[in-house]
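What follows is a set of notes on a single structure, which appears directly below.
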Amino acid sequence: MKIRVTFEGQEVELESGVQAGYLLEVFDFGGRRPLAFRLNGHLLDLHSPLTESGQLEPVFPEDPEALKILRHTAAHILAQAVKELFPEARLGIGPATEEGFYYDFDRQSPFTEEDLAAIEKRMKEIVKRRLPLKREEISREEAQRFFAERGETYKVELLREISDERVSLYRQGDFVDLCRGPHLPHTGMVKAFKLLSVAGAYWRGDERNPQLQRIYGTAFFDQEALKEYLERLEEARRRDHRRLGRELELFSIEEEIGPGLILWHPKGAIVRREIENFWLEEHLRRGYQLVFTPHIALRDLWRISGHLDFYAENMFAPMEIDERAYQLKPMNCPFHILIYKSRKRSYREFPIRYCELGTVYRYERSGVLHGLLRVRGFTQDDAHIFCREDQLEEEIFRVLDLVVYFLTVFGFEEYQVYLSTRPEKFVGSEEVWEKAEGALRAALERKGLSYAIDPGEGVFYGPKIDLKIRDVLGRFWQCSTIQVDFNIPERFDLSYMGPDNRPHRPIMIHRALLGSLERFFGVLIEHYAGAFPLWLAPIQVAVLTVADRHEPFARKICELLEASGVRVEPDFRGERLGYKVREAQVKKIPYMVIVGDREVQEERLTVRTRSGENLSLSPEEFLEKVQEEIKSKKI
RNA sequence: GCCCACGUAGCUCAGCAGGUAGAGCACUUCCUUGGUAAGGAAGAGGUCACCGGUUCGAAUCCGGUCGUGGGCUCCA
């Protein structure tokens with residue numbers, strides 16, 4: 001059979017099954033050698049057979065797909081190195097990931113740091129061998145036999161679940177792996193890579209399966225990019241909120257209290273309160289009503305709400321008081337619902353928006369706890385909106401508008417937005433779901449947010465929108481979530497009186513914009529690297545004296561600033577100026593006011609900014625500048 | 001929860017062929033009054049996470065518990 005491949009207007013006729021690498025001799029790629037091709041949109045490496053006609057695109061290293069191919073090949077090299085050094089290790093899977101690659105191995109004894117170094121060394125040798133990665137296609141049965149003979153039971157298991165009659169293998173030297181490809185032409189092209197860590201991982205992510213050892217690594221086309229990546233890892237370590245949280249005295253987690261429970265120290269607490277003040281002010285401005293609710297409730301409440309059915313494993317165990325069982329709240333919704341239910345509601349009141357900084361407790365498995373980002377007690381910036389179906393789009397739009405506003409103020413300008421649609425198991429009618437999904441979509445489009453659809457990823461009670469924010473290091477964090485709920489109004493038999501003088505069922509929206517104050521704070525610490533913008537900074541101004549005789553004037557400056565609500569820290573200690581400057585700098589205080597003979601005499605201030613610049617201002621000018629900067633929430 | 005690693009002064013870490021604890025920073029006191037990222041001296045501070053075992057003797061070896069970290073899974 002003949003096929004036709006076109007590239008930049010040129011067309012060539014080939015015998016089906018010819019290796020794609022042949023095209024290197026047919027077309028002119030501007031003197032460059034592609035790593036692979038894209039034919040009709042899917043990737044082919046140079047050793048893949050051409051079996052269909054179509055448009056050809058070359059893939060060069062700068063192509064986003066190219067890095068994945070490289071990393072996938074790096075994973076194979078890793079596997080080859082491990083098999084050479086530890087022939088008893090059985091292979092799991094080894095894909096490329098966002099940041100690099102990994103390969104899973106089943107081996108009795110764990111890989112040590114030294115093993116990792118030895119493996120990396122062997123990988124370098126394999127790279128030097130410049131082994132071609134050859135693609136072979138064989139029948140599934142043949143492949144099963146092949147891997148069974150080699151004792152690769154996991155590969156056999158994978159093959160059992162593949163429905164294709166023919167499968168592809170990739171061979172590099174003596175190493176053969178079941179793999180769809182594509183791969184680089186030869187191992188010599190993997191020039192910059194590094195193994196990073198070993199961790200346990202369940203076979204196929206299921207904890208009932210055996211646990212394999214996963215070796216993580218990363219790879220790039222050149223050393224420079226690898227170096228940059230490793231520096232970014234280093235920067236992330238420097239910004240780690242757990243480290244900064246301790247160094248800047250923001251928060252702590254104490255063994256005596258228990259894992260996943262946060263102590264907000266004075267400096268962290270003031271940041272939190274600033275966020276909360278801003279949050280509340282903005283909510284009140286936008287038609288929300290503030291409520292407060294208890295931390296525990298009768299177990300029956302959680303039975304009615306359904307949490308005992310679908311959320312029990314995340315709830316703290318019940319406690320008995322006066323022969324009745326109570327449970328800590330994992331969510332705030334039932335309380336808000338009971339406020340709604342406290343009297344008859346009319347459509348004229350709609351939409352009703354209750355907001356609360358509600359502290360909830362969720363049982364999280366010990367292994368998942370992580371600093372402020374994953375805890376067992378946290379405060380959600382929660383709200384529940386009750387409205388009619390025809391108000392849904394407008395309400396979602398308003399929520400989106402609010403969340404984008406908040407995030408922008410904190411300096412997050414880039415988001416990933418996901419719309420999760422109806423899952424297999426769901427409550428309510430398909431019709432209601434479709435309407436709601438349509439409303440969410442319309443609101444997203446009206447707000448001008450581009451989004452991806454997560455089909456079937458909605459919660460059983462309604463569709464949702466999740467937002468992930470991108471921090472300065474390019475990492476994404478989920479904070480905001482907006483969920484429509486068809487279920488809980490039903491369970492609590494909510495109603496409102498419509499214009500037709502008949503009761504109707506309202507729709508409810510759950511939403512948290514910052515997510516939890518704990519997580520958001522953690523993300524903020526890392527985003528700002530601990531250097532909070534002035535309006536959030538725990539200490540906004542440090543006043544440093546050069547010598548003891550400058551103290552009276554310095555004290556006056558402190559009083560001036562404090563009287564205007566500026567958070568000031570005097571440093572009149574008998575230390576040298578350099579020492580005090582360094583200390584204030586380490587604490588990441590935005591402004592240092594330096595008071596010496598010159599300042600006292602001229603009644604002007606020398607102000608050192610966090611970035612190390614010096615300004616000369618009168619006390620009044622400085623106060624005004626500070627107040628303006630606080631008010632504008634300048635980043 | 002599971003796998004692996006780790007747990008020594010407030011912090012960062014050294015000590016570990018088993019002989020009973022050390023540094024730097026921070027803290028306190030004294031000297032120094034010094035102009036933009038660490039002046040000098042002295043001092044105080046540890047049941048070596050906890051419990052048990054081996055041993056004449058354990059921070060060091062073994063077991064268990066708790067906690068932390070990297071992952072798996074889940075999510076704010």
Side-chain angles (χ1 to χ4, degrees), chain A residues 102 104 106-107 109-113 196-216 237 240 242-243 246-247 249 252-260 311 313-314 330-332 358-360 362-382 459 466-468 477-481 483 510-523 544-551 572-587 592-599 606-610 612-614:
Chain A
Y102 66 80
D104 287 342
D106 187 359
R107 178 170 176 248
S109 42
F111 291 113
T112 61
E113 286 293 313
L196 298 171
S197 61
V198 195
Y202 296 104
W203 170 238
R204 322 199 77 179
D206 188 329
E207 63 189 38
R208 288 165 302 194
N209 285 336
Q211 193 158 36
L212 311 182
Q213 294 183 65
R214 176 170 295 178
I215 299 180
Y216 282 91
R237 261 191 289 278
D240 191 312
R242 292 165 299 186
R243 174 202 181 111
R246 187 176 53 236
E247 288 174 359
E249 303 188 271
S252 69
I253 300 166
E254 305 295 334
E255 247 180 78
E256 294 88 331
I257 296 171
Y311 211 73
E313 60 184 30
N314 282 299
M331 295 190 193
N332 302 302
T359 303
V360 296
R362 297 183 185 175
Y363 170 72
E364 297 284 355
R365 303 202 291 178
S366 60
V368 306
L369 299 173
H370 181 91
L372 292 174
L373 301 179
R374 201 60 191 276
V375 297
R376 284 183 176 161
F378 58 98
T379 301
Q380 287 182 302
D381 69 316
D382 208 358
V459 206
D466 288 323
L467 244 96
K468 290 187 180 174
W477 308 92
Q478 158 140 27
C479 293
S480 323
T481 181
Q483 305 183 356
H510 309 254
R511 45 115 286 194
L513 305 185
L514 308 179
S516 90
L517 290 174
E518 284 74 6
R519 172 178 292 180
F520 192 72
F521 187 41
V523 173
L544 317 184
T545 48
V546 175
D548 289 349
R549 63 179 176 281
H550 308 121
E551 193 176 319
F572 303 159
R573 291 174 303 172
E575 295 287 350
R576 279 168 214 284
L577 184 61
Y579 184 87
K580 298 190 204 179
V581 167
R582 179 188 142 79
E583 205 165 274
Q585 200 76 49
V586 167
K587 288 187 191 165
M592 286 174 229
V593 170
I594 290 156
V595 178
D597 288 336
R598 281 203 298 275
E599 288 74 17
T606 299
V607 178
R608 182 187 157 114
T609 66
R610 194 154 48 190
E613 293 159 301
N614 275 319

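Within every chain, numbering begins at 1; the chains are lettered A, B, ... in the order of the sequence lines, protein sequences first and strands thereafter. Below, all heavy atoms of this structure are taken into account, side chains as well, without hydrogens, waters or symmetry copies.
Here G70(B) presents its C1' atom at 9 Å from OH of Tyr216(A), a figure rounded to the nearest Å. Atom CH2 in Trp203(A) sits roughly 17 Å away from atom C1' in G71(B) (whole-Å rounding). Following rounding to the nearest Å, Glu254(A) (CD) and C50(B) (P) show an atom-to-atom distance of 16 Å. G1(B) atom P lies 18 Å from atom NE2 of His370(A), rounded to whole Å. Atoms CG (Leu212(A)) and P (C72(B)) sit 13 Å apart, rounded to a whole Å.
The base of C3(B) does not come close enough to the side chain of Gln213(A) for any donor and acceptor atom to sit less than 3.5 Å apart.
The minimum heavy-atom distance linking Asp382(A) with Arg511(A) is given by the pair OD1-O, 3.3 Å. Looking at every heavy atom in both residues, Leu373(A) comes nearest to Trp477(A) through CD1-CZ3, 3.3 Å. In this structure, Met592(A) and Val581(A) approach most closely via the heavy-atom pair CE-O, 3.6 Å. In terms of heavy-atom proximity, Arg610(A) sits nearest to Gln585(A) at O-NE2, 2.6 Å. The nearest pair of heavy atoms linking Arg208(A) to Asp206(A) is NH2-OD2, 2.7 Å. Across Leu513(A) and Ser480(A), no two heavy atoms sit closer than the pair O-OG, 2.6 Å.
Side-chain atoms of Pro259(A) lie closest to U68(B) of the nucleotides G70(B), U68(B), C72(B).
For RNA chain B, each stem of at least three Watson-Crick or G-U pairs (distances under 3.5 Å) is given as range with range: B:1-7 with B:66-72, B:10-13 with B:22-25, B:27-31 with B:39-43, B:49-53 with B:61-65.
When the C1' atom is compared between C16(B) and U8(B), the two are found 11 Å apart, to the nearest whole Å. If you take atom C1' in C66(B) and the same atom in A49(B), they sit 8 Å apart, rounded to whole Å. Between U32(B) and G15(B), the distance separating the two P atoms is 41 Å to the nearest Å. Nucleotides G43(B) and A58(B), compared at atom P, are 31 Å apart to the nearest Å. To the nearest whole angstrom, the two C1' atoms, one in C72(B) and one in A38(B), are 45 Å apart. Between G64(B) and C4(B), the two P atoms lie 11 Å apart (nearest whole Å). For the P atoms, the distance linking A59(B) with G1(B) amounts to 29 Å, nearest Å. Here, U20(B) and G39(B) have their P atoms 37 Å apart, quoted to the whole Å.
Using a distance-only test at 3.5 Å, with no hydrogens or angles considered, no donor-acceptor pair links the side chain of Lys580(A) to the main chain of Ile594(A). A donor-acceptor pair under 3.5 Å is absent between the side-chain atoms of Gln483(A) and the main chain of Val459(A), judged by distance alone. Judged by distance alone, with hydrogens and angles left aside, the side-chain atoms of Asp381(A) form a donor-acceptor pair with the main-chain N or O of Leu514(A) at under 3.5 Å.
For the side chain to side chain contact (heavy atoms under 4.5 Å, CB included) test, residues two or more places apart in sequence or in another chain that qualify with Arg549(A) are Ala547(A), Asp597(A). Take Glu254(A) and apply the side chain to side chain contact (heavy atoms under 4.5 Å, CB included) test, not counting sequence neighbours, and it matches Ser252(A), Glu256(A), Ile257(A), Leu263(A).
Contact between the side-chain N/O atoms of Arg107(A) and the OP1/OP2 oxygens of C3(B) is not found at any separation under 4.0 Å. Side-chain N/O atoms of Ser366(A) include one lying less than 4.0 angstrom from OP1 or OP2 on G1(B).
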Original post:
For Met331(A) and Arg362(A), what are the C-alpha separation, side-chain angles and deciding distance, and is it a side chain to side chain contact (heavy atoms under 4.5 Å, CB included)?
Top reply: CA-CA 9 Å; Met331(A) 295 190 193; Arg362(A) 297 183 185 175; 3.7 Å; yes
Subject >> Test side chain to side chain contact (heavy atoms under 4.5 Å, CB included) applied to Phe378(A) and Arg376(A), step by step >> reply: CA-CA 7 Å; Phe378(A) 58 98; Arg376(A) 284 183 176 161; over 6 Å; no
Original post:
Do Glu551(A) and Thr545(A) pass the side chain to side chain donor-acceptor pair (under 3.5 Å) test, and can you show the C-alpha distance, the side-chain angles, and the key distance before you say yes or no?
Top reply: CA-CA 6 Å; Glu551(A) 193 176 319; Thr545(A) 48; over 6 Å; no
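Using a 4.0 Å heavy-atom cutoff across all strands shown, Leu369(A) reaches sugar-phosphate atoms only and no base atom. Using a 4.0 Å heavy-atom cutoff across all strands shown, Phe111(A) reaches no nucleic acid atom at all.
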Report each atom pair, protein N/O against N/O of nucleotides 73-76 of chain B, whose distance is under 3.5 angstrom.
residue, atom, partner, partner atom, Å
C74(B), O2, Arg374(A), NH1, 2.7
C74(B), O2, Arg374(A), NH2, 2.5
C74(B), N3, Arg374(A), NH1, 3.1
C75(B), O2, Arg519(A), NH2, 3.1
A76(B), O3', Cys479(A), O, 2.9
A76(B), O2', Cys479(A), O, 3.4
A76(B), O2', Ser516(A), N, 3.4
A76(B), N6, Glu364(A), OE2, 2.9
A76(B), N6, Arg374(A), NE, 3.0
A76(B), N6, Val375(A), O, 3.2
A76(B), N1, Val375(A), N, 3.3
A76(B), N3, Ser516(A), OG, 3.3

Give me the distances for all protein-to-nucleotides 5-9 of chain B N/O pairs that come in under 3.5 Å?
none

**OP:** Mark up nucleotides 27-45 of chain B, 5' to 3', with B wherever a protein heavy atom is under 4.0 angstrom from a base atom, S wherever such an atom reaches only the sugar-phosphate, and - elsewhere.
**Re:** ------BBBBBBB------
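Side-chain atoms of Arg573(A) and Glu583(A), non-hydrogen and from C-beta on, do get closer than 4.5 Å to each other.
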